[in-house]
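Note that the coordinates shown come from a computational prediction; the quantities given were computed from them, not determined experimentally. Counting begins at 1 with the first residue of the sequence.
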Amino acid sequence: MKIYQENNKRAFLPLLLLADEQESMIERYLDQGTMYVLDDNGAKAVIVVCEENNGVLEIKNLAVEPQSRRQGYGKKLVAFVFERYQGKYHTLQVGTGDSPLTVPFYEKCGFRRSHAVKNFFTDNYDHPIYECGVQLVDMIYFVKELRCNTSC
């Protein structure tokens with residue numbers, strides 16, 4: 001298994017669309033972001049991170065092939081990004097829908113709730129977005145500190 005940086009990001013559009021189902025929304029961040037691919041006898045998962053303002057790095061997209069889910073690939077990519085950028089930014093953040101699938105995942109990865117953007121999904125997508133049977137309305141942000149602590 002290896003994780004590598006990918007420059008031909010649009011080649012992974014089908015995978016990216018699993019996590020963000022509207023291509024025009026992906027286009028907002030894809031060119032400015034850095035993409036990493038987790039390869040384990042083929043691409044199993046991708047993550048796109050973007051530098052935001054004031055020392056914040058944001059996960060914009062994290063997608064795992066459906067047949068490869070619940071095998072730790074997403075968690076490995078989050079851990080990779082955390083290790084790679086620790087000390088270079090002070091905060092790693094991610095915005096996601098308030099769903100029973102993604103919220104527990106990020107909490108298990110050590111993120112804590114920060115804030116919400118009301119009506120993000122209803123205002124920015126051209127169709128209703130559902131995850132686990134729940135319509136996504138607000139964007140919920142989670143944060144994890146990237147500063148070096150005593151374990152560094």
Side-chain angles (χ1 to χ4, degrees), residues 1-85 88-89 91-109 111 113-144 146:
M1 177 179 354
K2 66 178 179 174
I3 297 174
Y4 62 90
Q5 186 173 335
E6 177 60 53
N7 293 321
N8 186 12
K9 300 173 207 169
R10 282 173 180 73
F12 291 87
L13 189 58
L15 189 53
L16 293 167
L17 285 164
L18 295 173
D20 192 345
E21 62 185 65
Q22 189 166 304
E23 190 172 342
S24 64
M25 294 299 284
I26 293 170
E27 289 296 331
R28 290 183 177 185
Y29 57 78
L30 194 57
D31 287 336
Q32 72 187 36
T34 302
M35 176 187 279
Y36 298 98
V37 176
L38 187 149
D39 187 301
D40 189 9
N41 295 315
K44 303 295 187 203
V46 296
I47 192 167
V48 178
V49 295
C50 293
E51 182 176 341
E52 299 296 315
N53 296 326
N54 302 321
V56 174
L57 184 71
E58 183 169 342
I59 297 172
K60 295 290 192 174
N61 193 307
L62 173 59
V64 178
E65 285 285 349
Q67 66 273 18
S68 300
R69 290 182 181 153
R70 306 193 76 69
Q71 295 178 33
Y73 292 124
K75 191 173 183 179
K76 284 184 193 312
L77 277 175
V78 170
F80 170 82
V81 165
F82 182 81
E83 289 176 26
R84 182 172 186 91
Y85 291 99
K88 296 177 183 159
Y89 296 88
T91 303
L92 179 61
Q93 78 177 11
V94 61
T96 188
D98 195 5
S99 93
L101 180 66
T102 55
V103 169
F105 170 79
Y106 286 112
E107 289 174 338
K108 285 179 186 173
C109 288
F111 287 81
R113 280 183 190 249
S114 171
H115 63 283
V117 177
K118 293 287 183 193
N119 302 316
F120 178 85
F121 291 98
T122 53
D123 289 346
N124 291 285
Y125 285 80
D126 62 12
H127 62 284
I129 306 291
Y130 290 89
E131 191 167 287
C132 294
V134 175
Q135 183 177 358
L136 305 183
V137 177
D138 301 335
M139 173 83 77
I140 310 299
Y141 276 90
F142 290 85
V143 295
K144 185 173 180 176
L146 283 172

Heavy-atom side-chain proximity of [X] to [Y] below 4.5 angstrom:
{"X": "E23", "Y": "L17", "result": "yes"}
{"X": "D31", "Y": "R10", "result": "yes"}
{"X": "R28", "Y": "N124", "result": "yes"}
{"X": "I129", "Y": "E21", "result": "yes"}
{"X": "Q71", "Y": "E65", "result": "no"}
{"X": "L18", "Y": "P66", "result": "yes"}
{"X": "F80", "Y": "I47", "result": "no"}
{"X": "L77", "Y": "L62", "result": "yes"}

Point-to-point distance, once rounded to the nearest 0.5 Å, from [atom1] of [X] to [atom2] of [Y]:
{"X": "C109", "Y": "I59", "atom1": "SG", "atom2": "CD1", "value": "8.0 Å"}
{"X": "R84", "Y": "Y89", "atom1": "CZ", "atom2": "OH", "value": "10.5 Å"}
{"X": "F82", "Y": "K75", "atom1": "CZ", "atom2": "NZ", "value": "13.0 Å"}
{"X": "K44", "Y": "M1", "atom1": "NZ", "atom2": "CE", "value": "10.0 Å"}
{"X": "M35", "Y": "Q5", "atom1": "CE", "atom2": "CD", "value": "10.5 Å"}

### Message
Which residues pass the side chain to side chain contact (heavy atoms under 4.5 Å, CB included) test with N119, not counting sequence neighbours?
### Response
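Applying side chain to side chain contact (heavy atoms under 4.5 Å, CB included) to N119 gives T122, D123, V137, D138.
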### Message
Run the side chain to side chain contact (heavy atoms under 4.5 Å, CB included) test against E131 and tell me which residues pass, sequence neighbours left out.
### Response
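In terms of side chain to side chain contact (heavy atoms under 4.5 Å, CB included), with neighbours along the sequence ignored, E131 is linked to S99, L101, T102, L136.
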If the condition is ring pair (Phe, Tyr, Trp, His ring centres under 6.0 Å), which residues does [X] pass it with, not counting sequence neighbours?
{"X": "Y106", "answer": "F111"}
{"X": "F142", "answer": "none"}
{"X": "Y141", "answer": "H115"}

If only atom types and distance count, is the side chain of [X] paired as donor or acceptor with the main-chain N or O of [Y] below 3.5 Å?
{"X": "N61", "Y": "L16", "value": "yes"}
{"X": "K9", "Y": "L30", "value": "yes"}
{"X": "Q22", "Y": "D126", "value": "yes"}

### Query
So Y85 and T34, side-chain contact (heavy atoms from CB on, under 4.5 Å) or not? Walk me through it.
CA-CA 12 Å; Y85 291 99; T34 302; 4.1 Å; yes
What are the two closest non-hydrogen atoms of [X] and [Y], and how far apart are they?
{"X": "Y73", "Y": "A45", "value": "CB-CB, 4.1 Å"}
{"X": "M139", "Y": "F121", "value": "CA-CE1, 3.9 Å"}
{"X": "Y29", "Y": "C50", "value": "O-SG, 3.7 Å"}
{"X": "S114", "Y": "V143", "value": "CB-CG1, 3.7 Å"}

### Query
Hey, are Y125 and D20 close enough side-chain-wise for a donor-acceptor pair under 3.5 Å?
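Yes, a side-chain donor-acceptor pair sits under 3.5 Å.
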### V37 and I3: CA distance, side-chain angles, deciding distance, side-chain contact (heavy atoms from CB on, under 4.5 Å) verdict
CA-CA 5 Å; V37 176; I3 297 174; over 6 Å; no
### Aromatic ring proximity Y36/Y4, centre distance under 6.0 Å
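Ring centroids of Y36 and Y4 are no less than 6.0 Å from each other.
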### Task
Begin from the C-alpha positions of D40 and L38 and carry the test side-chain contact (heavy atoms from CB on, under 4.5 Å) through to its verdict.
CA-CA 7 Å; D40 189 9; L38 187 149; 4.3 Å; yes
### Query
Ion pair present between E107 and K144, side-chain N to carboxylate O less than 4.0 angstrom?
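Salt bridge absent between E107 and K144.
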### Those residues that, when tested against D98, pass salt bridge (Lys or Arg N to Asp or Glu O under 4.0 Å) (two or more places apart)
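D98 satisfies salt bridge (Lys or Arg N to Asp or Glu O under 4.0 Å) with R113 once adjacent residues are dropped.
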### Neighbour count >12 (heavy atoms, 6.0 Å) for atom CG, N8
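Yes.
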### Query
Where do E51 and K88 land on the side-chain contact (heavy atoms from CB on, under 4.5 Å) test, with the steps shown first?
CA-CA 11 Å; E51 182 176 341; K88 296 177 183 159; over 6 Å; no
